[in-house]
Protein chains: 2
Amino acid sequence: MRSYDEYCAIAKSLDVVGDRWTLLIVRELALRGGCRYTDLRNGLPGIASNLLAERLRELEHAGVIAREDAPPPIATTLFRLTARGEQLRPVLEDLIRWGLPLMTEQKPGDAVRSHWLVWALELMLTDRRPDASPVTVELQAGDEPIVIETRDGTIHTRLGRADSADATLTGPPRPILGLLLGLIQPGDAKANGIDYQGDPAILDRIGAETTPPPS
Amino acid sequence: MRSYDEYCAIAKSLDVVGDRWTLLIVRELALRGGCRYTDLRNGLPGIASNLLAERLRELEHAGVIAREDAPPPIATTLFRLTARGEQLRPVLEDLIRWGLPLMTEQKPGDAVRSHWLVWALELMLTDRRPDASPVTVELQAGDEPIVIETRDGTIHTRLGRADSADATLTGPPRPILGLLLGLIQPGDAKANGIDYQGDPAILDRIGAETTPPPS
DNA sequence: CAGCATCCGCTTTGATACTG
DNA sequence: CAGTATCAAAGCGGATGCTG
């Protein structure tokens, strides 16, 4: 990107991460840890190969990411956030919070990756009964299953399957998010294509921290 | 900007504010409140006129800003952040924090506006002796004077002049910032073109919250 | 003067194909 | 797997002109 040529901290930041695709590359590395070129490509549907290569070069030069030769049995290059790159997490978290109300619209062509939803769910959900015994919910909403767990009264989310889920939600991502956010009533869940297995009371316990305004 | 077409809160946010210049327009409105087209133009040196008009249209359509007809004696249009736009402040604050270490380099062609520095100073400075009587420092560093004041143990900054400053710093922006951040020793201030009037002990009292790593 | 719209050359991006 | 190469299309920057 061409520099803004301003002596301003915001402009200087955007000189580094303001390019198209750049923050989404940081997102991928923040969510998934070390990634191969191919992993990044899969997590950034639509990016041109030359652009990905160029952005990675620029980010490395700026000290945001580092290249790393994986240990012998793997024999590939891994891209990883540096300490400086990790410090971009607050920016990404604020963008998630700001973007959540926009998740009520899902365009037909929108790509879906479960790992994009994991961070958002952890930021927005809260355990309304922190002293009760922990619960586990499994979501089947994207390309991979997601687990929501309560631990010490706080919510933790991760990709993967649960050993024993207290509830399982299966369906398209948008209604599932709407149900968890309280925008869809549990009674309307089935009408929105959601299959619910388990104790319905869990939905009351795990809910949105602050109900987002209806746009 | 072309949509990323991803069902991801970060991508949805960037679909709205990821365009070139867009976040800097929000910065101007966040820092200065209601602005005329001409004010925005002055605060965004280098932006093409058609781009500013186009971005303003997009931001209005996205509900981030609103147009407002100023009261009769002024007879002009004011652009203002909506409540939704105000919620972008955390994003801008994180970008300021992340970009601060980059302020150690000031390219020769970099434009300087005092109001860009005001927010950064408020975020990074702290009053190390909150119980002592309040102090006022005036900076003559950019196109407008800046006032730094302690109030109830917290730092407040604003554009303007102080009625009675306990100290006044005059000089180029970068060394002044370096002095306040502790990257330049008070003894080296004069060698960096800084003129200091007042009690030098104030520099010990008002300092950087966390010393940024030397790049 | 404030608030744009138009035109044009240049740069960046997107889509695809190809390579060590 | 991890990129380069190529080229058309879109976006941007700078200048200028128009309208209330």
Side-chain angles (χ1 to χ4, degrees), chain A residues 1-6 11 14-25 28-29 32 34-62 65-80 109-111, chain B residues 1-6 11 14-25 28-29 32-61 65-80 109-111:
Chain A
M1 171 178 280
R2 207 174 138 169
S3 168
Y4 286 110
D5 294 332
E6 294 185 359
L14 293 178
D15 279 349
V16 178
V17 298
D19 260 318
R20 185 158 167 83
W21 293 110
T22 302
L23 270 180
L24 294 187
I25 293 174
E28 286 302 305
L29 295 172
R32 310 198 74 123
C35 283
R36 295 171 301 170
Y37 190 89
T38 313
D39 300 329
L40 288 170
R41 201 188 243 221
N42 181 265
L44 300 163
I47 194 173
S49 181
N50 57 346
L51 275 191
L52 177 54
E54 187 181 327
R55 294 287 183 269
L56 288 172
R57 235 178 291 135
E58 292 164 348
L59 283 172
E60 187 182 8
H61 181 253
I65 68 171
R67 245 164 249 261
E68 174 186 310
D69 290 333
I74 308 183
T76 183
T77 318
L78 285 183
F79 298 91
R80 196 177 289 281
D110 278 358
Chain B
M1 169 178 278
R2 210 176 131 171
S3 168
Y4 286 109
D5 294 332
E6 295 184 358
L14 293 177
D15 279 348
V16 177
V17 298
D19 260 317
R20 185 159 167 83
W21 294 110
T22 302
L23 270 179
L24 293 187
I25 293 174
E28 285 303 305
L29 295 173
R32 309 194 74 114
C35 282
R36 295 172 303 171
Y37 189 88
T38 315
D39 300 329
L40 288 170
R41 204 180 214 202
N42 181 267
L44 301 163
I47 194 173
S49 181
N50 55 348
L51 276 191
L52 177 53
E54 188 180 326
R55 295 287 183 268
L56 288 172
R57 235 177 294 132
E58 293 164 347
L59 283 172
E60 188 182 8
H61 181 253
I65 69 172
R67 248 163 247 261
E68 175 185 310
D69 290 332
I74 309 184
T76 183
T77 319
L78 286 183
F79 298 90
R80 196 177 288 282
D110 277 358

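Chain identifiers are assigned alphabetically (A, B, ...) following the order of the sequence lines, protein sequences preceding nucleic acid strands; residue numbering begins at 1 within each chain.
- Atom CE in B:M1 sits about 16 Å away from atom C1' in D:dA9, given to the nearest Å.
- For B:S49, the side chain to side chain donor-acceptor pair (under 3.5 Å) partners two or more places apart in sequence, or in a different chain, are B:Y37, B:R41.
- A nucleotide of DNA chain C counts as in contact with chain A when one of its atoms lies under 4.0 Å from a heavy atom; the first and last such, 5' to 3', are C:dT13 to C:dA15.
- B:R20 is listed as a side-chain neighbour of A:R2, based on a closest heavy-atom distance under 4.5 Å.
- Residues A:L51 and A:W21 have side chains in contact (heavy-atom distance under 4.5 Å, counting atoms from C-beta outward).
- Nearest approach of A:R80 to A:G34, heavy atoms of both residues: NH1-N, 3.6 Å.
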Requested in this report: Decide yes or no on side-chain contact (heavy atoms from CB on, under 4.5 Å) for A:L29 and A:L40, but give the supporting numbers first.
Outcome: CA-CA 8 Å; A:L29 295 172; A:L40 288 170; 4.0 Å; yes

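- For residues 34-48 of chain B, proximity to DNA chain D is found at B:G46, B:A48, defined as any non-hydrogen atom under 4.0 angstrom from a strand atom.
- Applying the salt bridge (charged side-chain N to carboxylate O under 4.0 Å, His left out) criterion to A:D39, with sequence neighbours excluded, gives A:R36.
- If you check residues 49-62 of chain A against DNA chain C, the residues with a heavy atom closer than 4.0 Å are A:N50, A:L51, A:R55, listed by number.
- The side-chain contact (heavy atoms from CB on, under 4.5 Å) test applied to A:S3 returns A:D5, A:D15, B:K107, not counting sequence neighbours.
- Atom-to-atom distance recorded for B:R32:CZ and B:N42:CG is 7.5 Å, nearest 0.5 angstrom.
- To the nearest angstrom, C1' of D:dG11 lies 11 Å from CZ of A:R20.
- Closest heavy-atom contact between B:P45 and A:E6: CD-OE2, 3.6 Å.
- With respect to A:R55 and A:E58, a salt bridge is recorded, a charged nitrogen being found less than 4.0 Å from a carboxylate O.
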